[in-house]
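Working notes, beginning with the structure itself.
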Amino acid sequence: MISNYILITLVGGIALSFLLADPPNRIHPVSWLGKLVNYFMPKLKHKSSLKKERLKGIVFTLTLTFGISVASYYFSVALYKIFGIFALLIYSLLVLKFTMAILTLERHVNAVTNALQEKNLIDARKKLSYIVGRKTEPLDREHIISATIESIGESMVDGIGSPLFYYSLFGPSGAIAYRIINTLDSMIGYTDKYHYEIGWMAAKLDTISNYLPARLCGLLLVVSAKIVGADWKNSILVMRMDHNNTPSRNGGYPMSALAGALRVRLEKVGFYVLGANIEPLSIEKCNNALRMVKLSVILFLVFISIPMVLLLSLIGWWDILYGF
């Protein structure tokens, strides 16, 4: 059954993501995508018409997203017909591995916390700048830790939960489509004058595609808090109260769930506050947040992905999509 192939690659892809670090950027497909976007970005600008800028941004975003994901779908079909199921399994495992970022997240978090342990705030700020968009130069130790935990929460959605969700719904091409949308949003989906029009569609698609996964991830973080002995009741309370505090409609769910579970106050100065300062921010809190997110990956597989795949199998979805 095709659903068995999806389930095998889900489990295998997650296992690879836990065991193998990502390759260097020069051979990483997402890095290649970033170079492609950088090449086209200036060409999307228009000297006199904001409407034309937006139109060019819409066409570029939709063409890149659907073009590559549809091409990947037909590539997987051709791969199966020419080389068989084993080749398709290898391809699917690699797709899921490259569209998720578990060990990459852990590596970046550890780089920040190691610098903090050495009391090197300059290096900690530099390492933090690799995973957050805010200016890190003025941040003190507490706000460095806060930003790190916030990044862990956000990455639970866009680096893990959403790729898993769309793989479980559409197979490899679904995970690829999401990764393209998220990469576009991270590169051109800003609200400043230069990016707003060309990145409007990317930002909208990213918000829509993360809507359900973000809420599922928030709930799974509550469950993981219960399992690891964190304050799961406070996690629910803070998520209910503070999830709307962030400018993002989605990012507030996992971040506030972590803030509540860890009993800490997370703050992006001038923008939002999540949770209350019940316990002090510490490196251990970062490690606990990372532990909860990694556990939530397993929970996502068990409680979201596997039931989705099996339910879709019952209604014949996989035979329609991958009826080889």
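Because only heavy atoms are used, hydrogens play no part in the values below, and waters and symmetry mates are left out as well, while side chains stay in. Since we're looking at a predicted model, the values are computed, not measured. Numbers for residues simply follow the sequence, beginning at 1.
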Between [X] (side chain) and [Y] (backbone), is there a donor-acceptor pair under 3.5 Å?
| X | Y | answer |
| --- | --- | --- |
| Lys97 | Gly12 | no |
| Glu154 | Gly251 | no |
| Lys268 | Glu150 | no |
| Asp192 | His195 | yes |
| Asn245 | Val273 | yes |

>> For residues Ile208 and Met201: do they belong to one hydrophobic cluster (side chain heavy atoms under 4.5 Å, members Ile, Leu, Val, Met, Phe, Trp, Tyr)?
In response: no
> Would a hydrophobic clustering, with Ile, Leu, Val, Met, Phe, Trp and Tyr connected at side-chain separations under 4.5 Å, put Val228 with Leu262?
Replying inline: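 Linked, Val228 and Leu262 end up in one cluster.
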>> Please verify the inter-ring angle class for His28 with Phe98; under 30° counts as parallel, over 60° as perpendicular, anything in between as tilted.
In response: perpendicular
Would you indicate whether the side-chain heavy atoms of [Y] and [X] approach each other to under 4.5 Å?
| X | Y | answer |
| --- | --- | --- |
| His108 | Thr104 | yes |
| Asp206 | Asp158 | no |
| Val222 | Lys226 | no |
| Ser224 | Leu221 | yes |
| Tyr178 | Asn210 | yes |

Pairs under 3.5 angstrom only: tabulate donor-acceptor contacts from the side chains of residues 233-241 to other protein residues two or more places apart or in another chain.
{"residue": "Asn234", "atom": "ND2", "partner": "Gly260", "partner atom": "O", "Å": "2.8"}
{"residue": "Ser235", "atom": "OG", "partner": "Ala257", "partner atom": "O", "Å": "2.7"}

> Mind checking what makes ring-ring contact (aromatic ring centres under 6.0 Å, His included) contact with His243, not counting sequence neighbours?
Replying inline: Tyr253
>> Could you measure the distance from the CD1 atom of Ile181 to the NZ atom of Lys204? Nearest 0.5 Å is fine.
In response: 14.5 Å
> To the nearest 0.5 Å, how far apart are CD1 in Ile160 and OG1 in Thr99?
Replying inline: 11.0 Å
>> Could you check whether Tyr322 and Tyr73 have their ring centres less than 6.0 Å apart?
In response: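 Tyr73 vs Tyr322: aromatic centres under 6.0 Å.
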> Can you tell which of Arg125, Lys119, Lys127 makes a side-chain hydrogen bond (donor to acceptor under 3.5 Å, both in side chains) with Asp123?
Replying inline: Lys127
Any side-chain donor-acceptor pair under 3.5 Å between [X] and [Y]?
| X | Y | answer |
| --- | --- | --- |
| Ser92 | Tyr5 | yes |
| Arg291 | Asn288 | yes |
| Glu142 | Ser146 | no |
| Thr9 | Tyr167 | yes |

>> Please enumerate all residues that pass side chain to side chain donor-acceptor pair (under 3.5 Å) together with Arg215, with sequence neighbours excluded.
In response: Asn250
